[in-house]
Amino acid sequence: MATCEECGDPVEAKNASGHFRDKCMDCIQDVADEVPSHRETCDDPDCLICSTP
């Protein structure tokens, strides 16, 4: 078991390589909520990401 670098809570999730993540899922979600999505910031009318439903 590892601990979160941000809050010190236990980290149970592992990355694709099988190593424990550096942050707990709550701290990862907090960062994801703060960062705007690609669709919110993209202004390319031909963007393949934005045109996918």
Go through the structure and list residues passing side-chain hydrogen bond (donor to acceptor under 3.5 Å, both in side chains) with Glu5, not counting sequence neighbours.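 If we apply the side-chain hydrogen bond (donor to acceptor under 3.5 Å, both in side chains) test to Glu5, skipping adjacent residues, there are no hits.
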
Please identify each residue that fulfils side-chain hydrogen bond (donor to acceptor under 3.5 Å, both in side chains) with Asp33, with sequence neighbours left out. Gln29

Point-to-point distance, once rounded to the nearest 0.5 Å, from [atom1] of [X] to [atom2] of [Y]:
X	Y	atom1	atom2	answer
Cys7	Asp30	SG	CG	9.0 Å
His38	Cys50	NE2	SG	3.5 Å
Asp26	Glu6	CG	CD	12.0 Å

Suppose we screen for side-chain contact (heavy atoms from CB on, under 4.5 Å). Which residues come up paired with Pro36, at least two apart in sequence or across chains?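 Listed in chain order: Glu40, Thr41.
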
Which ILVMFWY residues are connected to Ile28, directly or by a chain of links, through side-chain heavy atoms under 4.5 Å apart?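 For the cluster that includes Ile28, the remaining residues are Met25.
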
Quick one: side chains of residues 9-23, donor-acceptor pairs under 3.5 Å with protein atoms, not counting sequence neighbours, listed by atom name and distance.
residue, atom, partner, partner atom, Å
Asn15, OD1, Ser17, N, 3.0
Asn15, OD1, Gly18, N, 3.2
Asn15, OD1, His19, N, 3.0

